Protein chains: 2
Amino acid sequence: MIYTHLEVTEVAGDIFDFCCNMTEEQDARARALIERAAAKWPLRILHALSDAGAPLRFSRLMERIEGISQKVLTQTLRTLESDGLIIRTLYPEIPPRVEYELTPLGRDLLMQVVTLWRWIVERLDEFDSRKAVKLTATDN
Amino acid sequence: MIYTHLEVTEVAGDIFDFCCNMTEEQDARARALIERAAAKWPLRILHALSDAGAPLRFSRLMERIEGISQKVLTQTLRTLESDGLIIRTLYPEIPPRVEYELTPLGRDLLMQVVTLWRWIVERLDEFDSRKAVKLTATDN
DNA sequence: CAGAATCCTAATAGATACTG
DNA sequence: CAGTATCTATTAGGATTCTG
């Protein structure tokens with residue numbers, strides 16, 4: 001739909017040649033996955049799980065992820081589980097214990113995202129300099 | 001805050017060694033940037049601009065990005081501009097003409113995201129297989 | 001043409017109370 | 001402990017109208 005040149009040539013297909021090798025559906029599903037995983041809370045949860053280096057209980061996650069509500073944490077964990085990025089293990093004890101951990105896929109995905117993350121951090125001043133220019137120009 | 005081991009060692013600092021070399025603020029700003037750029041509409045807009053291979057007018061963007069409203073397109077373009085990812089050029093003609101194009105930084109960032117995108121597409125079946133397993137297990 | 005302004009609805013987040 | 005249920009508040013988003 002947004003690809004008006006399905007019979008793409010070199011003219012505009014520079015960094016997006018890969019689009020030609022995927023269906024619209026694959027494209028949309030991958031984008032949806034990025035959208036969900038690269039959002040605020042999912043990113044922090046995946047990060048916290050990787051950071052811990054071990055399975056974490058629900059309450060430990062709540063402590064580590066400052067500002068998240070119990071409801072949103074639950075929701076986000078369910079989504080991450082459904083996307084195959086984390087595993088939820090229930091130990092039917094009393095009181096119950098639930099542990100969350102990254103799946104290999106989740107860990108791999110996070111590594112990819114971290115690469116991007118690092119790339120951005122290394123260029124934060126470039127993003128900033130533009131804002132500074134904009135501000136001074138606006139203030140005139 | 002979520003890094004309980006600022007004096008990290010090898011134990012948990014595997015893929016996140018880079019965290020030790022950045023401040024909390026850098027970390028948060030980079031995450032916010034990912035969050036904004038990797039969302040639904042920004043991703044599609046950046047993609048459309050790259051795909052076109054040339055500056056696009058407001059109305060051309062509206063056409064190419066199916067489903068977006070004029071208000072949200074305006075908003076998102078403003079955010080992308082403010083983040084230094086696109087440039088807005090107003091030609092004071094009648095009727096007015098406005099063109100949007102990627103900045104070098106925007107193009108570079110998109111390339112990084114596309115790398116991630118492609119990585120996910122190549123593994124879509126892994127994400128899917130987990131869902132399939134989950135569904136069958138739930139149906140019992 | 002490229003939006004700004006307005007109004008309105010729908011989706012999300014937060015707070016609180018309750019439960020196996 | 002790890003949620004669910006419920007209600008409210010905030011926000012994001014869509015539709016429409018208007019303008020330089």
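Naming convention: chains lettered A, B, ... in sequence-line order (proteins, then strands); numbering from 1 in each chain. Everything quoted here is computed from the prediction, not taken from an experiment.
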Q) C/dG20 P sits how many Å from A/Leu90 CG, rounded? A) 16 Å
Q. Just one of B/Ile45, B/Leu102, B/Val114 clears the side chain to side chain contact (heavy atoms under 4.5 Å, CB included) bar with B/Ser50, so which one?
A. B/Leu102
(Q) Any side-chain N or O of B/Arg78 below 4.0 angstrom from OP1/OP2 of C/dG3? (A) yes
Q. Can a side chain N or O of B/Arg88 be found less than 4.0 Å away from OP1 or OP2 on C/dA2?
A. no
Q) Do the ring planes of B/Trp119 and B/Phe127 sit parallel (below 30°), tilted (30 to 60°) or perpendicular (above 60°)? A) perpendicular
Q. Bend across the helix from C/dC1-D/dG20 to C/dG20-D/dC1, to 10°, with axes taken over 5 pairs at each end?
A. 50°
(Q) Rounded to whole Å, how long is the line connecting atom CG of A/Leu56 with atom P of D/dG3? (A) 13 Å
**Q.** Contacts of type salt bridge (charged side-chain N to carboxylate O under 4.0 Å, His left out), residue A/Glu35, not counting sequence neighbours
**A.** none
**Q.** Length of the line joining A/Met62:CE and C/dG14:P, which is rounded to integer Å
**A.** 11 Å
Q: Whole angstrom is fine here: how far is it from CZ in A/Arg60 over to C1' in D/dC1?
A: 10 Å
Q: Could you tell me whether B/Tyr100 contacts a base, only the sugar-phosphate backbone, or nothing, with contacts defined as non-hydrogen atoms closer than 4.0 Å?
A: sugar-phosphate
Q: Would you give a per-nucleotide map of nucleotides 13-20 of chain D, 5' to 3', where B means the base has a protein non-hydrogen atom under 4.0 Å away, S means only the sugar-phosphate does, and - means neither?
A: BBB----B
Q: Give the rounded distance in Å between these two atoms: CG of A/Leu77 and C1' of D/dC1.
A: 14 Å
(Q) To check you understand the geometry: which heavy-atom pair defines the closest contact between B/Leu77 and B/Ile86, and what is its length? (A) O-CD1, 3.4 Å
Q) Considering all heavy atoms of both residues, which atom of A/Ala38 and which atom of B/Ile34 are nearest to each other, and what is their separation? A) CB-CG2, 3.8 Å
Q. Under 4.0 Å: is that the gap between some side-chain N or O of B/Ser59 and OP1 or OP2 of C/dA2?
A. yes
(Q) Going by salt bridge (charged side-chain N to carboxylate O under 4.0 Å, His left out), name the residues that satisfy it together with A/Arg29, two or more places apart in sequence or in a different chain. (A) A/Glu25, B/Asp128
Q. Rounding to a whole Å, what distance do you find between A/Ile94:CD1 and C/dT19:P?
A. 17 Å
**Q.** Interatomic distance where CD belongs to B/Glu99 and P belongs to C/dG3 [whole Å]
**A.** 12 Å
Q | All side-chain contact (heavy atoms from CB on, under 4.5 Å) counterparts of A/Ala30, not counting sequence neighbours | A | B/Trp117, B/Ile120, B/Val121
Q: Taking only the side-chain nitrogens and oxygens of B/Arg57, find out if one of them lies under 4.0 Å from OP1 or OP2 of C/dC1.
A: no
Q. In whole angstroms, how far is the C1' atom of D/dA2 from the CZ atom of A/Arg97?
A. 13 Å
Q: Quick one: list whatever passes salt bridge (charged side-chain N to carboxylate O under 4.0 Å, His left out) with A/Arg60, sequence neighbours left out.
A: A/Glu63
Q: Assess whether atom CG of A/Leu90 is packed by more than 12 heavy atoms of other residues, nucleotides or ligands within 6.0 Å.
A: yes
